[in-house]
There are 2 protein chains.
Amino acid sequence: MNRGKVTMSDVARLAGVSPMTVSNVINDRVPVSDSVRERVLAAIRESGYQVNAAARHLRSGRSGVIGLAVPQIGNAYFGMLATLVIEEAQRHGYHVAIEQTGALATGEVAAIAQSRRLQFDGLILSAVEIESLTPDRGNPIVLLGEQDLAGRFDRVTVPNEGGTAAATEHLIDQGCERIAVVTGGDLNRLTMFTRRYNGYRAALEDRGIKPDPRLRFAVDSLSWEGARATGRRIADADLGIDGVVVFSDTIAMGVMRGLRDRGVGVPDDMRVIGFDDVPESAVYIPSLSTVSPDHRWKAAKAVELVVARIADPELPPREFTAPFTVVRRESTA
Amino acid sequence: MNRGKVTMSDVARLAGVSPMTVSNVINDRVPVSDSVRERVLAAIRESGYQVNAAARHLRSGRSGVIGLAVPQIGNAYFGMLATLVIEEAQRHGYHVAIEQTGALATGEVAAIAQSRRLQFDGLILSAVEIESLTPDRGNPIVLLGEQDLAGRFDRVTVPNEGGTAAATEHLIDQGCERIAVVTGGDLNRLTMFTRRYNGYRAALEDRGIKPDPRLRFAVDSLSWEGARATGRRIADADLGIDGVVVFSDTIAMGVMRGLRDRGVGVPDDMRVIGFDDVPESAVYIPSLSTVSPDHRWKAAKAVELVVARIADPELPPREFTAPFTVVRRESTA
DNA sequence: TTGTATGCGTTATCAA
DNA sequence: TTGATAACGCATACAA
């Protein structure tokens, strides 16, 4: 059992064959006779041989690594997503490297550059900020979730409008009449925030309720404290609010916390619904009703898309939207 | 601006120097005259050259990647940890690749093997299960947090006994007299669970309280539902419990949820304290008191240790314990 | 079915 | 201070 320094030639010598035959056995490329294969495999076991990833990479041009760029890996949603993407990639024989963008356009650009520099075979990019980007044959990118980028990329998205509309309707069905909405960012750009906000508006209008701009609350998308402060503002608003649609579970929990700071009970005084269905939502107090896209489906699709694009860079871009359900829990009871 | 296919030789030709000089400029190894350096840098900019990581890796034997193996990246604690490790590694010029072990001994062994296979320069291993492991000159490993492995590895640990003891004392100071403890795993082995349990016992005895074995509740360490069920069991126990020490924040939140399921109010009916101080703890309802180790310090130390060991594999193993504070929040008010 | 020759892009070593 | 040469370990192309 040598450690790490065994090369293919060593194995070949041990098995009494040429290095090329060892290579063929390992990658089972061309047919190899059973007797030779056995001998080679035995030699590999005996020597403790492991392929040198660097050499294989240099020679073949493939690293076997897919990048996954997310805003923050410490965020519950992206942590869950990463777990699923890692699992799905494994099924295709790929390893996943995680990058963090900080939800900054510069960070997203940097992740793409990094993806080239580190020679990932492909990149799954959960972009929230970047607004323009040109596909590049040498750098297969699949967008996950947020930005649109004009249909020039493969993309897996969540039902932004539909999901928020369903959430809003659920609140209406529960008897809410003054429904606030918590969004983020700039509603003049077509971001995830805008889409979800549009879903909220559409549902209201659909049910004959006139949207009231005063019921719209903006929040910094990544901070717990920002969400909490927003909850307090909603509690203090004195606008007769009896329901709140929030664009993410993490933020919704922060908002509930802020409401609680002001003595507003959920769901008794105000109902709250989120978006994402992160694991924490089921055990929060109160447990959080939410829009639940099929995360496993998303991860699987995204991996499938990069793998396909790595194999054929000329494929036309494809888009998929995940199925979803509205999960009813205590926060809207 | 070529894309990706520019080699060092191309740059050399463009600058009118040898490839070796380009290499020297890039890695600023030996002294290079300013005029030549300028010409080379200009050629690099002009050509859009990027070093080929695979070739560099093959030739130098360094990948520039540190592995980070954690049980689950979707877990709040490990997500936070990963963020910090990534940031700290960046300062040393390293990239981080995340592996998941599933908190299984087999997964931990696999992560170590994977670390070799993918040729990480070093590995930060957050092991919880593995019980024996031999250091290996070719595979620098730093243990983060849990397992001890007999002082043969570099290691950064959290104040397990001290932290839990302080947590327990805090409950006593708040007037608790029947303090339950939530642990996991097998207390016959010296795991993180055992250490934290020992800290709890030590604090009780220190204050003249006789530990009652009926007040010890075991839980499956990684599932929300397991934690919730444990909370219900505690509520149903009818043992006069008025305080609970839990070995992690994530589990503590699940326990509080279980208590709530049974109508037990925190902190009014029972006080609860956790361990870790994950971001969520501050916004949970009620906000969770907890033992807060200095996470940034831990991450920085762990990275520092791998980097040092990569540079000199013969260094004697070193151990460090993070400083901590007890954060008082609503759950023990 | 197996083997030989060659080169991927970089850096270590040594010479100039 | 700069350059020539070789080699890292593997897989492509082709020959046997």
Side-chain angles (χ1 to χ4, degrees), chain A residues 2-44 47-65 93 116-121 138, chain B residues 2-44 47-65 93 116-121 138:
Chain A
N2 249 291
R3 56 171 130 28
K5 288 299 196 181
V6 192
T7 76
M8 221 148 114
S9 306
D10 297 330
V11 175
R13 207 169 308 121
L14 221 105
V17 298
S18 80
M20 206 46 238
T21 300
V22 177
S23 176
N24 283 333
V25 168
I26 289 172
N27 303 299
D28 63 6
R29 202 165 303 282
V30 298
V32 175
S33 71
D34 288 351
S35 66
V36 170
R37 160 172 289 112
E38 272 319 311
R39 252 188 309 142
V40 169
L41 292 176
I44 289 175
S47 61
Y49 169 74
Q50 308 214 149
V51 306
N52 180 319
R56 167 182 281 179
H57 180 185
L58 175 59
R59 185 62 244 233
S60 70
R62 296 270 183 108
S63 63
V65 176
R116 304 191 65 117
R117 224 177 49 66
L118 296 170
Q119 293 165 287
F120 299 154
D121 292 340
Chain B
N2 248 291
R3 58 169 128 30
K5 290 295 196 183
V6 192
T7 76
M8 219 146 113
S9 305
D10 297 330
V11 174
R13 205 169 308 121
L14 221 101
V17 298
S18 79
M20 204 48 237
T21 299
V22 177
S23 175
N24 285 333
V25 168
I26 289 172
N27 303 297
D28 63 4
R29 204 166 301 281
V30 300
V32 175
S33 71
D34 288 352
S35 67
V36 170
R37 158 171 292 112
E38 271 320 310
R39 253 189 306 145
V40 170
L41 291 175
I44 288 175
S47 61
Y49 169 75
Q50 309 213 150
V51 306
N52 180 321
R56 164 181 284 180
H57 179 185
L58 174 61
R59 184 60 243 228
S60 71
R62 296 277 186 95
S63 63
V65 177
R116 306 190 63 115
R117 224 178 49 64
L118 296 169
Q119 294 167 285
F120 299 154
D121 292 340

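When reading the values below, keep in mind they use all heavy atoms of this one structure, side chains included, and skip hydrogens, waters and symmetry mates.
Among the candidates B/Asp121, B/Leu118, B/Leu58, the single residue satisfying the side-chain contact (heavy atoms from CB on, under 4.5 Å) test with B/Ser63 is B/Asp121. For the side-chain contact (heavy atoms from CB on, under 4.5 Å) criterion with A/Val22, the lone passing option out of A/Val17, A/Val51, A/Val36 is A/Val17.
Of the inter-residue distances, the one linking B/Arg13 atom CZ with B/Ser47 atom OG reads 11.0 Å to the nearest 0.5 angstrom. A distance of 11.0 Å separates CG of A/Leu14 from CZ of A/Arg39, quoted to the nearest 0.5 Å.
Comparing A/Pro19 and A/Leu58 by the nucleotide of DNA chain C that holds the closest heavy atom to each, the one mapping nearer the 5' end is A/Pro19. Summary of the strand contacts: B/Val32 and B/Ser60 both lie near DNA chain D, and taking for each the nucleotide with the nearest heavy atom, the more 5' one is attributed to B/Val32.
Listed candidates were C/dG9, D/dC10, C/dT11. Nearest to the side chain of B/Ala55 is C/dG9. Here D/dG3 is the nucleotide among C/dT10, C/dG7, D/dG3 with the atom lying nearest to any side-chain atom of B/Met20.
Residue A/Thr21 places at least one side-chain N or O under 4.0 Å from the OP1 or OP2 atom of C/dG3. Checking the phosphate oxygens (OP1, OP2) of D/dG3, a side-chain nitrogen or oxygen of B/Ser18 falls inside 4.0 Å. Contact annotation: B/Ser9 side-chain N/O to C/dG9 OP1/OP2 distance is not under 4.0 Å. Within the structure, a side-chain polar atom (N or O) of B/Asn27 is placed less than 4.0 Å from OP1 or OP2 of C/dT11. Phosphate contact (OP1/OP2 of D/dA11, side-chain N/O of A/Arg56, threshold under 4.0 Å): present. Between A/Ser33 and C/dT1 there is no side-chain N or O to OP1 or OP2 distance below 4.0 Å.
If you take CG of A/Asn52 and C1' of C/dC8, they are 13 Å apart, rounded to a whole angstrom. Atom CZ of B/Arg117 and atom C1' of D/dG9 are 16 Å apart (whole Å). The distance between atom CZ of B/Arg62 and atom P of D/dG9, rounded to the nearest whole Å, is 16 Å. For the pair B/Gln50 CD and C/dC8 P, the interatomic distance rounds to 19 Å; values are reported in whole Å. Between B/Tyr49 atom OH and C/dG9 atom C1' there is a gap of 7 Å when expressed in whole angstrom units. To the nearest angstrom, P of C/dT1 lies 9 Å from CG of A/Asp34. Here C/dG9 presents its P atom at 20 Å from CG of B/Asn24, a figure rounded to the nearest Å. Taking atom NE2 of B/His57 as the reference point, atom P of D/dC8 lies 15 Å away to the nearest angstrom.
Between A/Ile26 and A/Tyr49, the closest heavy-atom pair is CD1-CE2, 3.5 Å.
For B/Arg59 against C/dA12, no side-chain N or O and base N or O form a donor-acceptor pair under 3.5 Å.
Residue contacts for A/Met8: at a heavy-atom cut-off of 4.0 Å it reaches the sugar-phosphate backbone alone, with no base atom in range.
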